[in-house]
Amino acid sequence: MELSDALLGWYDTHARALPWRVPPDESRVGMLPDPYHIWLSEVMLQQTTVTAVVKYFHAFTTRWPTVHDLAAAKDAEVMGQWAGLGYYARARNLLKCARMVVADHGGVFPETRDGLLSLPGIGPYTAAAIAAIAYGHSETVVDGNIERVMARLYDVHTPLPVAKPELTALAAILTPQDRAGDYAQAVMDLGATICTPKSPACGLCPWSSACKARVNGTAADLPKRAPKTRKPTRYGIAYIARRNDGAWLLERRPDKGLLGGMLGWPGAEWGAKPIAQPPLNADWQTLPAEVRHTFTHFHLRLTVQMATVADETPDTGQFLPADQFSPDDLPTVMRKAYDLAKDRLIAD
DNA sequence: AAACCGGGGGT
DNA sequence: ACCCCAGGTTT
């Protein structure tokens, strides 16, 4: 039997139930899921775990049930709803993409890999995933799970990312003509639940008898990766000003760069040493505790300073009335600073 | 090709 | 502390 058939048989009984997925029930054979749901979930799943995505997927589809609804949303609403999920360029591209689908494609996502690739936020992985899962096309989907499964199945020792083309070619050979979407999801489920990064459960794997790494005893050591550089530490100051009427002084960060497009507390750029740059003159109080946060490529230590101020015009940022501010709209590092300040307000 | 871009959970 | 994750964009 073909390897793909063995895996599809396993998927029919072991597929995880996910909100955007049509279960492989006998009564629903051939049913395809909503392309809007697949696109939204796949963008959210970029470098993000299923557990984290489920809550956000539900919130987005409840608030914006169709791509038309999302396309009509305001930028700040979408950025706020995305807060906490990370990689905020995804949220900006999500909204751009929704508006392009409505304006240029009549509200229908393109069906082909190339058509999907032309949209913002959709790269090789997501284009193949949408074409296969939402439209049933035989496209080869390669994500981190599938790289790991292929490296083990064929005992490939070439380190990533150099090994990527080789692993993609191997994955393409296995991709079936029929049920390519189920097949892609099956390999990803296999990687997520059985062929895990550490301690793979080879005894439960439908591909165990074919797996070369299992025979050679190398499965747990694959895939190989290029060595990583260690993260430097940066320092900064967050200024949290509260006006007498309860308004908070916040700034919208520029679209490009770190935390692009998100709300945050004013302060100088983070660097090797903290730089004082208060947004206005006030009696700033330094909090006894600091915020520690780790980004993709550096650690951050953030000192938090607070002040209560009168109605002044700040040098940077603008006051947001209390009824228009929700801490849920903040990215996590800014939320951590807020939580420290909130504790101080309660203590006083 | 390499750098940039979050956050959380597991180990 | 280090690993990983249903990657894409920019330089």
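Throughout, a chain's letter reflects where its sequence line sits, starting with A, and its residues are numbered from 1. Owing to the predicted nature of the structure, the values given are computational and were not obtained by experimental measurement.
- Across dA6(C) and dA3(B), the matching P atoms stand 24 Å from one another, rounded to whole Å.
- Within the nucleic acid shown, T332(A) comes within 4.0 Å of sugar-phosphate atoms alone, with no base atom in reach, counting heavy atoms only.
- Regarding contacts with the backbone of dG6(B), every side-chain N or O of T296(A) stays at 4.0 angstrom or more from both OP1 and OP2.
- The stretch residues 169-203 of chain A does not touch DNA chain B, since none of its heavy atoms comes less than 4.0 Å from the strand.
- When only modelled atom types and interatomic distance are considered, Y125(A) and Q46(A) share no side-chain donor-acceptor pair under 3.5 Å.
- Base pairing in DNA chain B yields stems of at least 3 consecutive Watson-Crick or G-U pairs, both distances under 3.5 Å, namely B:1-5 with C:7-11, B:7-11 with C:1-5.
- For DNA chain C, the contact window with chain A, defined by any atom under 4.0 Å from a protein heavy atom, covers dC4(C) to dT9(C) in 5' to 3' order.
- Taking atom P in both dT11(C) and dG6(B), one finds a spacing of 15 Å when rounded to whole Å.
- Checked by atom type and distance alone, the side chain of W39(A) never pairs as donor or acceptor with a backbone atom of I130(A) at under 3.5 Å.
- Residue G84(A) is classed as a sugar-phosphate contact, given heavy-atom separations below 4.0 Å to backbone atoms only.
- Judged purely by atom type and a 3.5 angstrom limit, R90(A) uses its side chain to pair as donor or acceptor with the backbone of V43(A).
- Heavy atoms of R148(A) sit under 4.0 angstrom from primed sugar atoms or phosphate atoms, though from no base atom.
- One N or O on the side chain of S41(A) and one on the backbone of I38(A) form a donor-acceptor pair closer than 3.5 Å.
- Distances shorter than 4.0 Å separate none of the side-chain N or O atoms of T294(A) from OP1 or OP2 on dG7(B).
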Pick out the pairs of N or O atoms, protein on one side and nucleotides 1-3 of chain B on the other, that lie under 3.5 Å.
none

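- Between the C1' atom of dG6(B) and the CG atom of L258(A) lies a distance of 8 Å, rounded to the nearest Å.
- Across the protein-nucleic acid pair, N93(A) atom CG and dG6(B) atom P stand 12 Å apart, rounded to whole Å.
- Contact check for W20(A) versus T61(A): no side-chain heavy atoms found under the 4.5 Å cut-off.
- Counting only distance, with no hydrogens or angles, the side chain of R113(A) and the backbone of A131(A) share no donor-acceptor pair below 3.5 Å.
- Between the side chain of S118(A) and the backbone N or O of G115(A) there is at least one donor-acceptor pair closer than 3.5 Å.
- Between the OH atom of Y87(A) and the P atom of dC4(B) there is a distance of 12 Å, given to the nearest Å.
- Between H293(A) and dG6(B) there is no side-chain N or O to OP1 or OP2 distance below 4.0 Å.
- Looking at heavy atoms from C-beta onward, V149(A) lies in side-chain contact with W207(A) at the 4.5 angstrom threshold.
- Salt-bridge check for D339(A) with K342(A): passed, with a basic side-chain N closer than 4.0 Å to an acidic carboxylate O.
- Without hydrogens or angle criteria, T294(A) side chain to H299(A) main chain gives no donor-acceptor distance under 3.5 Å.
- For D182(A), the salt bridge (Lys or Arg N to Asp or Glu O under 4.0 Å) test picks out R179(A), with sequence neighbours left out.
- Look at CG on L94(A): it is 15 Å from P on dG6(B), rounded to the nearest Å.
- Taking for each of L85(A) and K55(A) the nucleotide of DNA chain B with the nearest heavy atom, the 5'-most of the two is the partner of L85(A).
- The backbone N or O of R16(A) lies less than 3.5 Å from a partner atom in the side chain of R21(A), making a donor-acceptor pair.
- Aromatic ring orientation, F325(A) versus W248(A): tilted (interplanar angle from 30° to 60°).
- Residue T126(A) is classed as a sugar-phosphate contact, given heavy-atom separations below 4.0 Å to backbone atoms only.
- Two residues are said to be in side-chain contact when any heavy atoms from C-beta on lie closer than 4.5 Å; I194(A) and H14(A) fail this criterion.
- A heavy-atom distance below 4.0 Å to DNA chain C is reached by these residues of residues 220-229 of chain A, ordered by number: R225(A), K228(A).
- Along DNA chain C, the nucleotide closest to L119(A) and the one closest to T49(A) are compared, and the more 5′ of them pairs with T49(A).
- Ring centers of H293(A) and F295(A): under 6.0 Å apart, within the cut-off.
- Both the sub-6.0 Å distance and the 45° axial angle are satisfied by R253(A) relative to the ring of W270(A).
- Across all strands shown, L259(A) has heavy atoms under 4.0 Å from sugar-phosphate atoms exclusively, and none from any base.
- Among the heavy atoms of the strands, none lies under 4.0 Å from I38(A).
- Salt-bridge annotation for D104(A) and R99(A): absent, with no side-chain N of the basic residue lying under 4.0 Å from a carboxylate O of the acidic one.
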